[in-house]
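Take a look at the structure below.
Whatever order the structure lists them in is the order used to number ligands and atoms, beginning at 1.
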Amino acid sequence: MTKTANTPDKDALKRVGANVRKRLEADPKAYKVKTDKAEIFAIGGFLTGAECQRLCMMIDLVAQPSELFNVDYSTGFRTSYSGNLDPRDPFVTGISRRIDDLLGIKAECGEAIQGQRYMPGQQFKPHNDWFYTDQDYWKAERKRGGQRSWTAMAFLNPVEKGGATHFTEVGVKIDPKPGVLLVWNNALPDGTPNENTMHAGTPVEAGTKYVITKWYRTRRWG
Ligand SMILES: O=C(O)CCC(=O)C(=O)O
Ligand SMILES: [Fe+2]
């Protein structure tokens, strides 16, 4: 078998990686994390304070234990509460479009925005957002959009203590700061999954942590 056959969506991941990279590198608001292991960018002030507050309220309405209500493929160590935001809500649609525009990825490739809330002691242990294509779940995911390309994640509130996003292989910890959007390429420039994107939501020690995440597929999602 060829390498491409072993790495589904490789060419598409390579193409979207290059497009998004070019766009972010030309964006003065996007700060690139200084590492050659992964493509990670931070955009400060992506969401206003009012938008963050509204999103936190919406998350409280939909949040359910992540491990019970979401098929979590990559880890059994996700103790936060989470839930999808209603994609038909005009406010949610607006936020979603802004993320699509920032990255220049077609809206149809984006999954529904997921909200997540961590209380003290809760965490999301180290995992990759890309799918392991040798696992059973891949049979379904292959047909509903395929491999994940980029991830966008925004912090919505200040956390009293803990709750940093830790890229364990890169060795970078990003403290929650409301309105900051993190985006990263789950693939390498050649379109293969990047093991160095392993990351964790470290335990919240005091306070509550709210985030939204939007994962993009290489093809139309759903
Ligand atoms: O909460 C975090 O810092 C990480 C969240 C995360 O890894 C995800 O939503 O995929
Ligand atoms: Fe993740």
Side-chain angles (χ1 to χ4, degrees), residues 33 37-44 46-47 52 55-56 58-60 62-67 69-85 92 95-96 99 103 109-132 135 137 141 145 147-187 193-217 221:
V33 173
K37 291 187 162 178
E39 296 177 289
I40 308 167
F41 294 81
I43 297 96
F46 186 80
L47 299 169
C52 288
L55 288 164
C56 290
M58 295 176 101
I59 292 170
D60 281 331
V62 297
Q64 305 279 352
S66 301
E67 290 204 86
F69 292 95
N70 290 290
V71 186
D72 198 77
Y73 301 128
S74 41
T75 171
F77 320 106
R78 192 183 187 195
T79 52
S80 62
Y81 278 45
S82 57
N84 287 349
L85 302 183
V92 175
I95 304 279
S96 219
I99 304 174
L103 298 175
C109 296
E111 297 183 29
I113 291 183
Q114 188 176 99
Q116 207 172 164
R117 184 187 65 212
Y118 303 78
M119 305 294 253
Q122 296 181 343
Q123 64 179 315
F124 196 166
K125 284 196 180 168
H127 64 278
N128 290 303
D129 289 348
W130 45 265
F131 299 123
Y132 291 81
Q135 299 295 304
Y137 64 72
E141 297 305 338
Q147 189 55 282
R148 283 179 171 157
S149 60
W150 288 71
T151 298
M153 193 202 98
F155 298 110
L156 304 177
N157 73 316
V159 181
E160 256 176 77
K161 196 158 182 248
T165 302
H166 184 197
F167 286 86
T168 55
E169 312 308 298
V170 173
V172 164
K173 266 189 187 175
I174 299 144
D175 285 321
K177 188 169 170 226
V180 171
L181 182 77
L182 295 182
V183 296
W184 64 90
N185 185 359
N186 292 297
N194 185 352
E195 305 275 354
N196 287 324
T197 57
M198 177 83 74
H199 59 281
T202 61
V204 167
E205 292 167 54
T208 309
K209 173 186 171 189
Y210 289 87
V211 298
I212 51 167
T213 304
K214 186 168 180 185
W215 296 287
Y216 288 88
R217 303 298 188 94
W221 176 66

Can you name the N/O/S atom of D129 that is nearest the Fe ion (ligand 2)? OD1
Classify the side-chain pair N157/T208 by whether it contains a donor and acceptor separated by less than 3.5 Å. no
Contact atoms of ligand 1, heavy-atom distance to T165 under 4.0 Å: 2 (C), 3 (O)
Please list the nearest protein heavy atom to atom 2 (C) of ligand 1 with its residue and the distance rounded to 0.1 Å. K209 NZ, 3.2 Å
Which atom, among the N/O/S set of H127, is closest to the Fe ion (ligand 2)? NE2
Begin from the C-alpha positions of R148 and E141 and carry the test salt bridge (Lys or Arg N to Asp or Glu O under 4.0 Å) through to its verdict. CA-CA 10 Å; R148 283 179 171 157; E141 297 305 338; over 6 Å; no
Can an N or O of D129 be found at a distance shorter than 3.5 Å from an N or O of ligand 1? yes
Are H199 and H127 linked by a side-chain donor-acceptor pair shorter than 3.5 Å? yes
Provide the number and element of each atom of ligand 1 under 4.0 Å from a heavy atom of H199. 6 (C), 7 (O), 10 (O)
Please state which protein non-hydrogen atom is closest to atom 9 (O) of ligand 1 and give its distance, to 0.1 Å? T213 OG1, 2.9 Å
Short question: side chain of W130, backbone of Q147 - any donor-acceptor pair under 3.5 Å? no
Answer yes or no for H127: is there a heavy-atom contact with ligand 1 below 4.0 Å? yes
Within a distance under 4.0 Å of any heavy atom of Q116, pick out the atoms of ligand 1 and give their elements. 9 (O)
For ligand 1, which atoms, with element, lie under 4.0 Å from some heavy atom of W215? 8 (C), 9 (O), 10 (O)
Among all protein heavy atoms, pick the one closest to atom 1 (O) of ligand 1 and tell me residue, atom and distance. Y118 OH, 2.6 Å
For atom 4 (C) of ligand 1, grab the closest protein heavy atom and report residue, atom and distance to one decimal in Å. M153 SD, 3.6 Å
Under 3.5 Å, is there a donor-acceptor pair between the side chain of N186 and the main chain of S149? yes
